[in-house]
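Data first, discussion second: the structure below is written as C-alpha cells.
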Amino acid sequence: MAGRFIEVENLGKQYETSVPGTPPALQSVTLAIEQGEFVAVMGPSGSGKSTFMNIVGLLDSPTSGAYRLNGEDVAGFSTDELAHVRNRVFGFVFQGFNLLKRITAAENVALPMVYSGTAGAERRRRAQELLDKMGLGAYGAAMPNRLSGGQQQRVAIARALANHPQLILADEPTGNLDTQTSGEIMGLFTELNRETGVTILLVTHENDIARYANRLIRFKDGRVVHDGAVVHEGAA
Amino acid sequence: MNVGSILREAARSLGANKLRTGLTMLGMVIGVAAVVLMLAVGTGAQNQVNRAVSSMGSNLLVILSGSTSTGTLRMGSGNAPTLTTGDAEAIARLPNVQAVAPTFPGGAQVAYGINNWGTQVLGVTPEYTSVRDWPVEAGEAISETDVRSATRVALLGATVVEKLFDTEDPVGKTIRIRGQPFQVLGVLKKKGQSLDGRDQDDSILVPITTAQSKLFGNRFPGTVRFMFVQAVSQSATSAAEHDITLLLRQRHRIQPDADDDFTVRNLTQVAEAASQTARILSLMLGAIGSISLVVGGIGIMNIMLVSVTERTREIGIRMAIGARQRDVLLQFLLEALMICIVGGLIGIAFGVAGAFAVGKAMQIEVAFSASVMLIAFAVSAATGIFFGFWPARRAASLRPVEALRYE
C-alpha cells in the first residue's frame with residue numbers, strides 16, 4: 001500500500017459566513033493516522049474536532065491543505081469515488097444514531113450493502129450476523145424507534161460494519177447515552193479495534209470516553225494543541 | 001447498485017410512509033379526475049347538441065303559416081290556412097332553393113293488433129325524408145304516386161315501431177290510424193331528440209294528400225301548416241329567406257304596409273346558436289377542468305417539495321453510508337414516477353366513474369377522449385416528477401455534512 005493510511009497536511013477549513021473576520025474552523029492541521037489505531041479527538045465546542053472528522057470522513061471538503069488516503073490525494077476524487085470510499089472503506093456512527101426511521105433495524109444494517117451491490121440474500125445474512133454480534137439478534141424486524149438509545153446505537157454500529165470498513169468514524173457516539181450504556185458501547189469499540197484491527201476515529205468531549213482510546217488528539221480554536229498516547233493510570 | 005434494487009428501495013420508501021405517499025397521490029388523483037370528468041360532461045353535451053342539430057337536416061328554413069286575426073285578437077302562428085301546396089311548388093322553383101317539403105301534421109291514435117299508441121302523424125311529400133336527412137331504413141319511401149292518389153300508406157318512426165310491434169317486422173303490415181287501415185311502407189332510421197328535447201322518432205309519415213283529405217278532414221283543401229325549405233347551400237339560406245318572403249307576399253297579395261301572413265325562420269341560425277352554446281359550455285367546463293389541473297398541480301408541487309425537502313437528512317444519511325448521487329436521484333425519480341402513475345390511473349378511473357355517475361344521475365350524455373386523459377395525466381405527472389426530482393437533486397448535490405445537518 002503506497003503511503004500511510006490517513007495523512008493530512010496543513011489542513012484548513014474556512015466556512016463561508018456572513019460575518020467577516022470569523023476565525024477558520026480548522027487551520028494548519030498536519031497529522032497521520034495508521035491502520036489499527038484507536039484515536040480519540042477531543043476539544044471544546046467549536047474547536048474544530050467535528051469539522052476535522054467530517055473532512056476525514058469525506059462528508060465535507062477542506063478549503064486548504066491536502067488529505068491523502070492510502071497515499072492518494074482525495075481532492076482528485078470524483079463524487080462517485082468519494083461515495084465509494086464512504087461505502088467500502090469507512091463506517092459512520094453518529095451521536096444522533098441517524099438510522100432511517102421508517103425501515104426496520106435489519107434493513108438499516110443492510111442499507112450500505114444495497115449501495116455496494118450485494119445480493120439480497122447475502123445482505124440479509126450479513127445483517128443478521130452483525131445484529132447477532134451486537135446482541136440484537138432478536139430485534140432485526142423492529143423499527144428503530146421501538147429500540148432504546150443503546151440498542152439504536154448498536155444497530156448503527158452494525159450498519160457501520162456492514163461492508164468490512166477499514167475506519168470507523170464515531171462522532172460523539174455516546175453523547176445521547178447514559179453512563180452505563182456508554183461504557184458498553186465503548187467496550188464494543190475497544191473489542192472491535194483489538195479483534196479486527198479496524199481503525200477508530202472517535203470524537204468526544206468526555207475524558208472518560210477518550211480514555212478507551214490509545215491516542216489522544218486535542219483541538220482548540222481549529223488547531224491541534226496536543227497529540228500523544230493516552231496515559232492509562234493504574235489498571236484502566 | 002442496480003435499477004432493480006433501487007426500484008425496491010423506492011417502493012419500500014413509499015410503503016414506509018403511507019400518509020405522505022397518499023397525500024401526494026391525492027393531488028394527482030384530484031387533478032386528473034377533475035379534468036376527465038369535466039371534459040366528459042362537456043364533450044357529451046356538445047355531442048348531444050351536434051347530433052340534434054344534424055338531425056334537423058342541413059341548410060333549412062321553415063315557413064309557418066300566419067296568424068289569424070279577428071279584430072285586434074291575434075292567434076298563434078300556424079293557425080291561418082295561408083300556405084298552400086301551390087306556394088310550395090312556386091318556392092321550389094326559386095333559384096336558391098334545393099327542395100321544399102310541405103307538411104300537414106296532426107295527432108292520431110294508432111293501433112296494431114292489441115297495441116295502440118297516440119302519436120304525431122305528418123302528411124308529407126317524397127322530398128321530406130331527404131330534406132330532413134331522415135332516410136328510410138327498411139322498406140320503401142313514399143312516392144309521387146302515393147301523393148297523387150292519396151294512398152293509405154305510412155312510414156313509421158323508430159319509437160312507434162317499438163310501441164306497436166314487439167319483435168315483428170312491421171313492413172307490409174297493416175296498422176290503423178284513426179281507425180283507417182294503412183299499409184306500412186317502411187321504417188325510418190332512428191333520429192333521436194330534437195333541439196327542444198322532443199322524441200323525433202315518435203311520429204308517422206303519410207302522403208300529404210292522404211293527411212289533408214282522409215285523416216284530418218280539412219276545410220281548406222290544398223293548404224299546408226308549414227314547410228321545410230332546403231337552400232342550395234348554407235350561404236344561400238339568407239338569400240332564399242329573402243326570395244321566399246318576396247314571393248309569398250306577391251302570391252298572397254299583401255299590401256306593402258301590411259304584415260306578412262306567414263313566418264320564415266332560418267334554422268341554420270338556430271342550429272348555429274345551439275352549436276355555439278354547446279361549444280361555449282364545453283369550453284367553460286374545459287376551463288374549469290384546466291383550473292382543477294393547475295390547482296392539483298400546485299398541490300402536487302407543494303407536497304412533493306415539502307416531502308422531499310423534509311427528507312434532506314435522509315438523503316444525507318444515505319450518502320454518508322455510500323449512496324452515489326445517481327442512486328439517490330434515481331430513487332426519488334422512481335418514487336415520483338410511481339406516485340404519479342398510480343395516482344394518474346386512479347384519477348382517470350375516478351374521472352370516468354364520476355362522469356358515468358353524473359351522466360346517469362342527470363340523464364345526460366358523457367363522452368371520453370383519450371387525448372384529454374393523456375394530457376391531464378402528462379401534465380400532472382410532469383409536475384409531480386419535476387417537483388419530486390428537483391429538490392432531491394438539490395439535496396443530493398449538497399455536501400453530505402450539509403444534508404445531514406438539515407433538521
Side-chain angles (χ1 to χ4, degrees), chain A residues 13 15-16 25 50-62 78-104 107-120 123 143-144 156 159-163 165 169 171, chain B residues 1-24 306-308 310-332 334-335 338-339 392-407:
Chain A
K13 175 74 180 179
Y15 286 112
E16 292 161 30
S50 282
T51 305
F52 174 72
M53 205 203 73
N54 288 333
I55 290 172
V56 171
L58 299 177
L59 298 177
D60 205 351
S61 51
S78 67
T79 53
D80 281 2
E81 285 169 323
L82 293 174
H84 183 85
V85 172
R86 289 195 293 263
N87 186 232
R88 305 296 183 88
V89 186
F90 296 167
F92 291 91
V93 178
F94 301 93
Q95 177 176 6
F97 319 133
N98 275 349
L99 297 173
L100 295 189
K101 289 190 279 277
R102 306 253 175 211
I103 58 177
T104 66
E107 285 169 335
N108 265 289
V109 175
L111 204 54
M113 295 185 276
V114 170
Y115 293 115
S116 61
T118 312
R123 288 206 298 263
M143 298 310 259
R159 184 179 65 183
L161 293 171
N163 281 332
L169 297 115
D171 190 358
Chain B
M1 184 178 181
N2 57 25
V3 177
S5 55
I6 297 214
L7 200 67
R8 270 193 298 279
E9 192 63 28
R12 194 188 344 244
S13 177
L14 290 180
N17 197 332
K18 295 193 177 58
L19 181 66
R20 187 179 66 203
T21 307
L23 280 176
T24 316
V306 169
S307 77
V308 176
E310 174 188 275
R311 291 168 71 191
T312 302
R313 189 184 173 82
E314 176 192 328
I315 291 172
I317 296 173
R318 287 179 185 275
M319 289 201 295
I321 60 175
R324 291 169 301 176
Q325 266 184 28
R326 81 179 93 128
D327 296 330
V328 172
L329 292 186
L330 196 55
Q331 181 190 331
F332 278 79
L334 287 173
E335 284 187 25
M338 287 187 220
I339 286 182
R393 207 183 65 130
R394 210 177 41 183
S397 62
L398 290 175
R399 283 195 293 268
V401 67
E402 290 170 319
L404 276 171
R405 221 174 267 148
Y406 186 89
E407 288 300 335

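With values rounded to the nearest 0.5 angstrom, I317(B) atom CD1 is found 7.5 Å from K101(A) atom NZ. Of the inter-residue distances, the one linking R102(A) atom CZ with K18(B) atom NZ reads 9.5 Å to the nearest 0.5 angstrom. A distance of 7.5 Å separates CG of N108(A) from CD1 of I321(B), quoted to the nearest 0.5 Å.
Of the two parts of F94(A), only the side chain, counted from C-beta on, holds a non-hydrogen atom closer than 4.5 Å to a non-hydrogen atom of chain B. With a 4.5 angstrom heavy-atom cutoff, L82(A) does not touch chain B via any of its atoms. S61(A) touches chain B through backbone and side chain together, each having a heavy atom under 4.5 Å away. With a 4.5 angstrom heavy-atom cutoff, R88(A) does not touch chain B via any of its atoms. For a residue to count as touching a neighbouring chain, one of its non-hydrogen atoms must lie under 4.5 Å from one of that chain's; by this rule I103(A) touches chain B with the side chain only. For R311(B), no part sits under 4.5 Å from any heavy atom of chain A, backbone or side chain.
A83(A) and A323(B) make their closest contact through CB-O, 3.7 Å (heavy atoms, listed as atom of the first residue, atom of the second, distance). Nearest approach of G322(B) to Y115(A), heavy atoms of both residues: O-CB, 3.8 Å.
Within the 4.5 Å cutoff, no side-chain heavy atoms of R324(B) are placed close to those of N87(A). In this structure, the side chains of M319(B) and L59(A) stay at 4.5 Å or more apart for every pair of heavy atoms.
Between E107(A) and R12(B) there is a salt bridge, since a side-chain N of the basic residue sits under 4.0 Å from a carboxylate O of the acidic one.
Counting heavy-atom pairs closer than 4.5 Å to chain B, the top-ranked of the candidates L100(A), T79(A), N54(A) is L100(A).
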